[in-house]
Amino acid sequence: MAKDYVVGPGDCMSSIAYANGFFWKTLWNLSANAALKTKRKNPNVLMTGDVIHIPDWTAKNEPGPTEQRHKFMLMGVPEKLHIQLLDYDHKPRPNVDYKLVIEGNWRSGTTDADGKLHESIPPDAVTGKLTFPAPQLLDGNGNPIPAKPKDQTMILQLGHLNPISEVSGLKARLANLGLYKGPIDENLDAATQQAISAFQAKKGLPVTGDADDATRQELQELHGH
């Protein structure tokens, strides 16, 4: 039965579509969801309270010879997880070994030349853990400090990133870049403005502490969403 689904914490288009038996592009490109698509732009960065229309199922017949085995593939399964590791100066970290745990299942790998990792995950995955060596510390002259970096562990909350148009989305991206420590909420407080100023200084933008369009665009490009 057709219905309107209200997005909750941790929801994204992939998980919603999977739970309702659809391919995510089918829902994203639905005319009834055109306004949401225009507003959010990214199907996997939604906001709690957004409404997604889910239509009735439509039967489809696929012809094939009888008395033979046929293989069908479910579209959108698995989903892809893309993460880029950056050093303290926000430069890519290539060839870094990592361990990734998604919903209790683990695998290991190495980041590519751009510091990126690409892993297949279930569309409805909501939690994960990524472990990798911390970036090498440098002294005042830019030389590596001999101490071996400790491992860092990043807890992944899949589907919880809010749009950058929201203060919570701004805070989450700044936190992921190591510039903000505090609650991820809609309160534009002094700590958030200090983090914005730090980001603007790093990127050569006018340091105002205000998340203007240029700052949000630069932050979104660096963060990847």
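By convention here, the first residue in the shown sequence is residue 1. No experiment lies behind these values; they were computed from the predicted model shown.
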Are L86 and I196 linked, directly or through intermediate hydrophobic residues, by side-chain heavy-atom contacts shorter than 4.5 Å (ILVMFWY only)? yes
Taking atom CG of L219 and atom CD1 of I164, what is their separation to the nearest 0.5 Å? 4.0 Å
Does anything in residues 30-57 form a salt bridge (charged side-chain N to carboxylate O under 4.0 Å, His left out)? List the pairs, not counting sequence neighbours. R40-D50, R40-E166
With the 4.5 Å side-chain cut-off for hydrophobic clustering, are I52 and F23 part of the same group? yes
Cut-off 3.5 Å, side chains only: do T110 and D97 have a donor facing an acceptor? yes
Hydrophobic cluster partners of W106 (side-chain heavy atoms under 4.5 Å): V101
Are any non-hydrogen side-chain atoms of D189 and T192 less than 4.5 angstrom apart? yes
Can you list the residues that meet the salt bridge (charged side-chain N to carboxylate O under 4.0 Å, His left out) rule with R216, with sequence neighbours excluded? none
Is there side-chain contact between Y5 and D11, with at least one heavy-atom pair below 4.5 Å? yes
In I83, T131, D151, T111, the residue satisfying side-chain contact (heavy atoms from CB on, under 4.5 Å) with Y98 is T111
Sequence neighbours left out, what pairs pass ring-ring contact (aromatic ring centres under 6.0 Å, His included) with at least one residue falling in residues 175-223? none
Chi angles and distances behind the side chain to side chain contact (heavy atoms under 4.5 Å, CB included) call for N20, K3: CA-CA 11 Å; N20 287 276; K3 62 181 180 180; 3.2 Å; yes
Same cluster or not: are V7 and L27 linked, directly or through other Ile, Leu, Val, Met, Phe, Trp or Tyr residues, by side-chain heavy atoms under 4.5 angstrom apart? yes
Please enumerate all residues that pass side chain to side chain donor-acceptor pair (under 3.5 Å) together with R93, with sequence neighbours excluded. none
Which donor-acceptor pairs under 3.5 Å do the side chains of residues 122-130 make with protein atoms, sequence neighbours left out?
unit_1, atom_1, unit_2, atom_2, d
T127, OG1, E103, OE1, 3.4

